[in-house]
Participant: 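The following block contains the structure, expressed as structure tokens.
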Amino acid sequence: MRYINFEESSNIDPDEFYMKAALTLAKKAYEEDEVPIGAVIVSQGKIIGKGYNLTERLNDVTAHAEMQAFTAASSYLGGKYLKDCTLYVTVEPCVMCAGASYWTQVSRIVYGAPDEKRGASRYGKLFHPKTEIISGVLQEECAELITSFFRQKR
């Protein structure tokens with residue numbers, strides 16, 4: 001998928017465009033009764049990696065959306081570093097995913113909803129020092145999806 005804006009008068013924000021792609025994956029996770037988090041990795045206007053939570057299906061606590069996207073993007077690029085790439089994820093990365101993002105050296109992380117209980121920002125500077133962090137993109141939609149999922153579980 002490539003972001004192309006054919007209308008000059010349109011004000012489509014690229015961060016919102018790619019966050020919508022991540023939300024589509026989060027909705028797929030929701031439908032599969034997984035915690036609804038989706039992630040895409042973009043390089044030069046193209047989605048090169050994507051994923052959603054698969055922890056239940058794979059019976060693997062490390063099968064987070066970001067980890068799936070990191071693996072796919074690294075495979076696409078043929079290397080482990082994701083410099084000049086952006087990770088879009090619907091919920092703030094956890095400590096594990098922040099650590100993985102550090103090692104990939106991803107240039108930007110854009111997330112939707114904060115995770116006040118398990119989000120990496122609670123624990124200090126876990127992201128790579130050169131990684132730009134942007135929060136709150138489509139925050140309401142991202143938060144509503146995850147809130148709805150856990151409300152249904154209770």
Participant: Under the side-chain contact (heavy atoms from CB on, under 4.5 Å) rule, what do Phe150 and Val35 come out as? Steps first, then yes or no, please.
Facilitator: CA-CA 8 Å; Phe150 285 113; Val35 174; 4.0 Å; yes
Participant: Determine, step by step, whether Phe70 and Lys80 satisfy the side-chain contact (heavy atoms from CB on, under 4.5 Å) criterion, reporting the C-alpha distance in whole Å, the side-chain angles of both residues, the deciding distance to 0.1 Å, and the verdict.
Facilitator: CA-CA 9 Å; Phe70 290 146; Lys80 60 186 176 182; over 6 Å; no
Participant: Just how far is it from atom CG of Leu126 to atom SG of Cys94, taken to the nearest 0.5 Å?
Facilitator: 10.0 Å
Participant: Quick one: pull up CD1 in Ile41 and OG in Ser107 and give me the separation to the nearest 0.5 Å.
Facilitator: 11.0 Å
Participant: For atom OH of Tyr123, decide whether the heavy atoms of other residues, nucleotides or ligands shown that lie under 6.0 angstrom number more than 12.
Facilitator: yes
Participant: Given the rule that I, L, V, M, F, W and Y join up when any side-chain heavy atoms are under 4.5 Å apart, are Ile12 and Ile47 in one cluster?
Facilitator: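 In one cluster: yes.
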Participant: Hydrophobic clusters here meaning ILVMFWY residues chained together by side-chain heavy-atom distances under 4.5 Å, can you tell me if Val95 and Met67 are in one?
Facilitator: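 No, it is not one cluster - the side chains of Val95 and Met67 are not joined through contacts under 4.5 Å.
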Participant: Between Glu92 and Ser121, do the side chains contain an N or O donor and an N or O acceptor separated by less than 3.5 Å?
Facilitator: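 Yes, a side-chain donor-acceptor pair sits under 3.5 Å.
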Participant: Between Glu16 and Val137, does the side-chain contact (heavy atoms from CB on, under 4.5 Å) criterion hold? Intermediate values first, please.
Facilitator: CA-CA 6 Å; Glu16 288 185 9; Val137 175; 4.0 Å; yes
Participant: Residues two or more places apart in sequence or in another chain: which of them pass salt bridge (charged side-chain N to carboxylate O under 4.0 Å, His left out) with Lys125?
Facilitator: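 In terms of salt bridge (charged side-chain N to carboxylate O under 4.0 Å, His left out), with neighbours along the sequence ignored, Lys125 is linked to no residue.
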Participant: Could you report the tightest heavy-atom contact between Tyr52 and Glu32, atom names first, then the distance?
Facilitator: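 That would be OH-OE2, 3.0 Å.
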Participant: Counting heavy atoms not belonging to Glu140, are there more than 12 under 6.0 Å from its CD?
Facilitator: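 For Glu140, atom CD is not crowded (no more than 12 foreign heavy atoms under 6.0 Å).
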Participant: Taking all heavy atoms of Pro114 and all of Gln139, pick out the closest pair and write down the distance.
Facilitator: CD-NE2, 3.6 Å
Participant: Does Lys20 pair with Asp13 as a salt bridge, N-O distance under 4.0 Å?
Facilitator: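 Here Lys20 does not pair with Asp13 in a salt bridge, since their nearest N and O are not under 4.0 Å apart.
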Participant: Check the pair Leu77, Cys85 against side-chain contact (heavy atoms from CB on, under 4.5 Å), reporting the backbone distance first and the verdict last.
Facilitator: CA-CA 11 Å; Leu77 292 174; Cys85 294; 4.0 Å; yes
Participant: If only atom types and distance count, is the side chain of His64 paired as donor or acceptor with the main-chain N or O of Glu66 below 3.5 Å?
Facilitator: no
Participant: For the atom pair OG1 (Thr131) and OH (Tyr102), what is the distance rounded to the nearest 0.5 Å?
Facilitator: 9.0 Å
Participant: For the hydrophobic clusters of this structure (ILVMFWY residues joined by side-chain heavy atoms under 4.5 Å, transitively), does one cluster hold both Leu58 and Met96?
Facilitator: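 Leu58 clusters together with Met96.
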Participant: Whether the side chain of Asn53 engages the backbone of Ala65 through a donor-acceptor N/O pair (distance < 3.5 Å, no angle test) should be reported.
Facilitator: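 Yes, the answer is positive, given that a donor and an acceptor are paired below the 3.5 Å cut-off.
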Participant: Say whether Ile134 and Val89 are linked into one hydrophobic cluster, either directly or through other cluster members, by side-chain heavy-atom distances under 4.5 angstrom.
Facilitator: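 Linked, Ile134 and Val89 end up in one cluster.
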Participant: Answer yes or no: is there a side-chain heavy-atom contact under 4.5 Å between Thr55 and Glu34?
Facilitator: yes
Participant: Between Gly112 and Cys142, what is the shortest heavy-atom contact and its length?
Facilitator: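 Of all heavy-atom pairs spanning Gly112 and Cys142, the closest is CA-SG, 3.9 Å.
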Participant: Taking atom OG1 of Thr90 and atom CD1 of Ile146, what is their separation to the nearest 0.5 Å?
Facilitator: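 Reported value, rounded in 0.5 Å steps: 6.5 Å.
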Participant: Which atom pair, heavy atoms only, marks the closest approach of Arg118 to Asp115?
Facilitator: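 What the structure gives for the nearest pair is N-OD1, 3.0 Å.
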Participant: Do Leu25 and Val40 come within less than 4.5 Å of each other through their side chains, counting heavy atoms only?
Facilitator: yes
Participant: Can you tell me how far CG of Leu54 sits from CG of Asn59, rounded to the nearest 0.5 angstrom?
Facilitator: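 CG of Leu54 is found 12.0 Å from CG of Asn59.
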Participant: Working to the nearest 0.5 angstrom, can you tell me the gap between Asp15 CG and Thr86 OG1?
Facilitator: 7.0 Å
Participant: Tell me, do Lys27 and Pro36 make a side-chain contact under 4.5 Å, heavy atoms counted?
Facilitator: no
Participant: Examine the side chains of Tyr76 and Ser43 and answer whether a donor and an acceptor come within less than 3.5 Å of each other.
Facilitator: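 No.
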Participant: According to the interplanar angle, ranging from 0 to 90°, do the rings of Tyr30 and Phe149 count as parallel (below 30°), tilted (30 to 60°) or perpendicular (above 60°)?
Facilitator: perpendicular
Participant: List the atom of Pro93, the atom of Ala98, and the distance in Å for their closest heavy-atom pair.
Facilitator: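 So the minimum-distance heavy-atom pair works out to CB-N, 4.2 Å.
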Participant: Work out which heavy atom in Asp33 is nearest to a heavy atom in Glu56; give both atom names and the distance.
Facilitator: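 Looking at all heavy atoms of both residues, the shortest contact is O-CG, 4.2 Å.
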Participant: Indicate yes or no for a side-chain donor-acceptor contact from Ser75 to the backbone of Thr71 under 3.5 Å, with no hydrogens or angles considered.
Facilitator: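 The answer is no, because no donor-acceptor pair under 3.5 Å joins these two groups.
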Participant: Could you tell me whether a side-chain N or O of Tyr18 sits under 3.5 Å from a main-chain N or O of Leu87, the two making a donor and an acceptor?
Facilitator: no
Participant: Are the side chain of Gln105 and the backbone N or O of His128 linked by a donor-acceptor pair below 3.5 Å?
Facilitator: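 It does not hold such a pair.
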